[in-house]
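Worksheet: the structure to be examined is printed underneath.
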Amino acid sequence: GLIGGLLDGCEPLGVDEAVREGLLDEELMWKVLKSDKTVSGVLDLDRRQLCSVWEAARLGLLDAETAARLLEAQVVSGGVVDLRRGKRVSVTLACELGLVDE
């Protein structure tokens with residue numbers, strides 16, 4: 001999925017594994033999960049749907065500056081999040097797919 005993980009040495013760990021191994025306490029776990037979700041998408045409570053950052057800005061859930069910063073964070077951390085495909089894509093492909101506006 002799009003929820004990131006942590007590295008323990010060279011081995012990737014999911015957030016749940018990091019908690020079980022005592023690397024994260026509950027408070028830090030929620031911060032990690034919140035930050036991960038914020039960068040991946042925005043929850044539209046009215047529609048009960050996860051929206052891309054760009055879509056959330058278009059719907060007025062995010063202001064343009066915040067959306068731009070979140071999209072920049074996505075790009076530097078591996079690409080624009082494509083929620084439909086469940087993976088990150090290049091900026092060029094994201095433009096072609098309509099995930100962002102040039």
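FYI, side chains are in, hydrogens and waters are out, and symmetry mates aren't considered; it's all heavy atoms of this structure. Given the structure is predicted, the values throughout are model-derived calculations rather than measurements. In what follows, residues are counted from 1 in the order of the sequence shown.
Side-chain contact between V80 and R88 is absent, with no heavy atoms from C-beta onward closer than 4.5 Å. Between L50 and V42, the closest side-chain pair of non-hydrogen atoms is not below 4.5 Å.
In this structure, CG in L59 is found 8.5 Å from OG in S52, a value given to the nearest 0.5 Å. Taken to the nearest 0.5 Å, the CG atom of L99 stands 7.0 Å off from the CZ atom of R85. Note that CZ of R69 is 9.0 Å distant from CG of D63, once rounded to the nearest 0.5 Å. If you take SG on C95 and CG on D101, they are separated by 8.0 Å, rounding to the nearest 0.5 Å. Separating the CG atom in L61 from the CG atom in D44 is a distance of 5.0 Å, to the nearest 0.5 Å.
Heavy-atom minimum distance, C51 versus A56: CB-N, 4.2 Å.
Between E55 and R47 there is a salt bridge, since at least one side-chain N of the basic residue sits less than 4.0 Å from a carboxylate O of the acidic one.
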